[in-house]
Protein chains: 2
Amino acid sequence: MAGHGARNRSGGRPTLEEVAARAGVGRGTVSRVINGSPRVSDATRAAVEAAVAELGYVPNTAARALAANRTDAIALVVPEPETRFFAEPYFSDMLRGVGAELSDTEMQLLLIFAGNDRERQRLAEYLAAHRVDGVLLVSVHADDPLPDLLAQLEIPAVISGPRSAAETLTSVDSDNYGGARSAVEHLLSRGRGRVAHITGRLDVYGAQRRIDGYRAALRDAGHAPDEGLIEAGDFTEEGGSRAMAKLLARRPDLDAVFAASDVTAAGARQALREAGRRIPEDVALVGYDDSAIARHMEPPLTSVRQPIQEMGRTMIDLLLNEIADRRPSASRGLERRQVVLATELVARASS
Amino acid sequence: MAGHGARNRSGGRPTLEEVAARAGVGRGTVSRVINGSPRVSDATRAAVEAAVAELGYVPNTAARALAANRTDAIALVVPEPETRFFAEPYFSDMLRGVGAELSDTEMQLLLIFAGNDRERQRLAEYLAAHRVDGVLLVSVHADDPLPDLLAQLEIPAVISGPRSAAETLTSVDSDNYGGARSAVEHLLSRGRGRVAHITGRLDVYGAQRRIDGYRAALRDAGHAPDEGLIEAGDFTEEGGSRAMAKLLARRPDLDAVFAASDVTAAGARQALREAGRRIPEDVALVGYDDSAIARHMEPPLTSVRQPIQEMGRTMIDLLLNEIADRRPSASRGLERRQVVLATELVARASS
DNA sequence: AGGTACTGTGGGAGCGCTCCCACAGGTGAT
DNA sequence: ATCACCTGTGGGAGCGCTCCCACAGTACCT
């Protein structure tokens, strides 16, 4: 059991000093053992470890943070209201990946919502106080000032979904371009010739990349560019439904739709139903994200899966590296790293 | 703007000492201003505040934690896998209430999952290191050792859903007894005479209280006790379905069912359908929780609503009090506080 | 006039660590 | 033997706060 060591006047937790006395060594040596330094003899190490166990010693985090100027904590910042966080499986998958990668670390993960101005203000103060060693940023809009604040405070950060091709932060993303391509190629291979695209929010870089992939797939298959088959959506169900209605009015002969998200596809499905089109007989439908909604749709939705958990793990890897690299002076941000992970098409009955 | 004060050798963040020098006062006075002590003259306070603003001073959390022996952080511990956390609206509501109550505080909220042994081990170490000032415990099973660990470490804690009538921790709960009563009284007032009950997990105190409320309502209405109308469930859909089938076999004449949760009611509904009973014509159905599932059921489910967000807020209140009370020596746990919040019946088409 | 009691203030003494310099003792080349 | 250079170790000097004691100044009693 733990909890002897009632040495200090208040019977509080044992300190390094007490462990040192117990093991018959100096304070520095105990510190070395605790922190896994190799410059300790085996015999000494064993003695210290015994003392630690006997006293039930646990390092004082605050003291360590003060002396070493680090917090051993990183924040996962979600610039969305909590409701969206719980509604979208994206976040829980991300959290799972991050948590898994962090579990053999001493690092503590903080989950911080910054969905409204008040929460953002709090976050700014939090970051200014340097209460975390690094930040993970997910789902950031193009005009968000957060990345700049982070850069100004010189806090290591990794972003999921770069804001543009010229993203200055280290970033992790899935292959939106390739994912879109594979979706369209899949539809073409099924014999569809008039493939429409309902886009995501146009101020989101990933949505742009999906448009690029859509265009490239058609071009490479020898189709002439046809902007009339593209309609802007906004990642919502209603937007998808609206866009689909417009497309049907403009191109009643379309036989396939690639939607920029599963939710968008759900909206499109609704509009297709109302127009009396059958899925997939009349119009094939492909979504993006492979979320729960895709599996439960009627008919089940073909979708592009992103390796979200792996993205989370990768983000942590990169962030821990940045934190470790944050050395006195010398090189800063020489190599900005942009990792892109492959997607996978999951074919179901809708195409 | 922030960020002058490049006094220290490394150009780092300004310290208390520097603010004091700038304002022409002593260190102690600045500390008093920062911490809102009343024993500072208005003139001095103004001077210090000006210096703070000019230098962009932000207190160093680690130093404060070390000197004051507190962390200004509390943990919301969820002894469930993350999947359940995201699946059940209970947790997001709770989180919202907690977050709201905490937003005008300096306190930082940590979300900690302890769904498997490994996570539990980590949590134990975390608590042993006293990295939080207090703990919020939600959804704890009767045999969970966590509350005892907390007590042993003398960490203030508040539990939602006491483990028994003799709960030793400060607790917040909704009125399970009253909620069950109101559900049954509602059914009786609708002219139903043979009201069955599908219980929750019997090792959950709240489920027992709901059974008590069910019995009391029937007794007070002059009905003779009839244990044959009670069947054990386990809060799951499958359990509800199974229990309902047993009840129908045993008491084909029942005309109403009070289920211990909405999910249980969903299972019961399934079994009723399969037996060819109409809801509510043949059998009226009432659930518990008023979750999303209740609103979306066909027909919409009458249910007992718990004020979950308010429970979250109340838990924070109590916890902050406990933390503040944790004074040197003197009184400890003299008054254990058990708060019970009222529920509300939401009548819909199923009854 | 002296006492008592406040208010407001300065600054010493830690809090429990990490960092780093100093140094003992060993080992091998000169 | 002397020197150079390792490995392992002890402990001083902080890190930036809070706590608390001391004390000046003022106010109000006797």
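A, B, ... follow the sequence lines: proteins, then strands. Residue 1 opens every chain. Quick caveat: nothing in here was measured; it's all calculated off a predicted structure.
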How long is the gap from CG on Leu137(B) to CE on Met315(B), to the nearest 0.5 Å?
-> 7.5 Å

Heavy atoms of Asp317(B) and Glu101(B) approach each other most closely as OD1-OE2, 2.8 Å

Go through the structure and list residues passing ring-ring contact (aromatic ring centres under 6.0 Å, His included) with Tyr57(B), not counting sequence neighbours.
-> none

Could you list by number each residue of residues 58-70 of chain A showing a heavy-atom separation from DNA chain D of less than 4.0 Å, or answer none if no residue does?
-> Leu66(A), Ala67(A)

Provide, to the nearest angstrom, the distance between the CG atom belonging to Leu55(B) and the C1' atom belonging to dG16(D).
-> 15 Å

Whole-Å distance separating the CG atom of Leu16(A) from the C1' atom of dG12(D) = 15 Å

Which parts of residues 31-50 of chain A get close to DNA chain C, meaning a heavy atom less than 4.0 angstrom away?
-> Ser31(A), Arg32(A), Asn35(A)

Ring pair (Phe, Tyr, Trp, His ring centres under 6.0 Å): pairs with one or both residues in residues 110-161 of chain B, sequence neighbours excluded = Phe85(B)-Phe113(B)

Sorted by chain and number, sequence neighbours left out, side-chain hydrogen bond (donor to acceptor under 3.5 Å, both in side chains) with Thr105(A) holds for none

Between Asp72(B) and Met107(B), is there a donor-acceptor pair closer than 3.5 Å when you use the side chain of the first and the backbone of the second?
-> no

Do the side chain of Gln338(A) and the main chain of Glu167(A) share a donor and acceptor less than 3.5 angstrom apart?
-> yes

List the steps and the verdict of salt bridge (Lys or Arg N to Asp or Glu O under 4.0 Å) for Asp117(B) and Arg120(B).
-> CA-CA 5 Å; Asp117(B) 285 348; Arg120(B) 298 202 140 237; 5.6 Å; no

Report yes if some heavy atom in the side chain of Thr170(A) is under 4.5 Å from a heavy atom in the side chain of Ile159(A); otherwise report no.
-> no

Nearest-nucleotide 5' precedence on DNA chain C, Glu17(A) against Val25(B) | Val25(B)

Can a donor-acceptor pair under 3.5 Å be found between the side-chain atoms of Arg13(B) and the base atoms of dG16(D)?
-> no

When the C1' atoms of the five terminal pairs at each end define the local axes, what inter-axis angle does the helix from dG2(C)-dC29(D) to dT30(C)-dA1(D) show, to 10 degrees?
-> 50°

Only one of Leu110(B), Val135(B), Ile316(B) passes side chain to side chain contact (heavy atoms under 4.5 Å, CB included) with Ile74(B); say which it is.
-> Ile316(B)

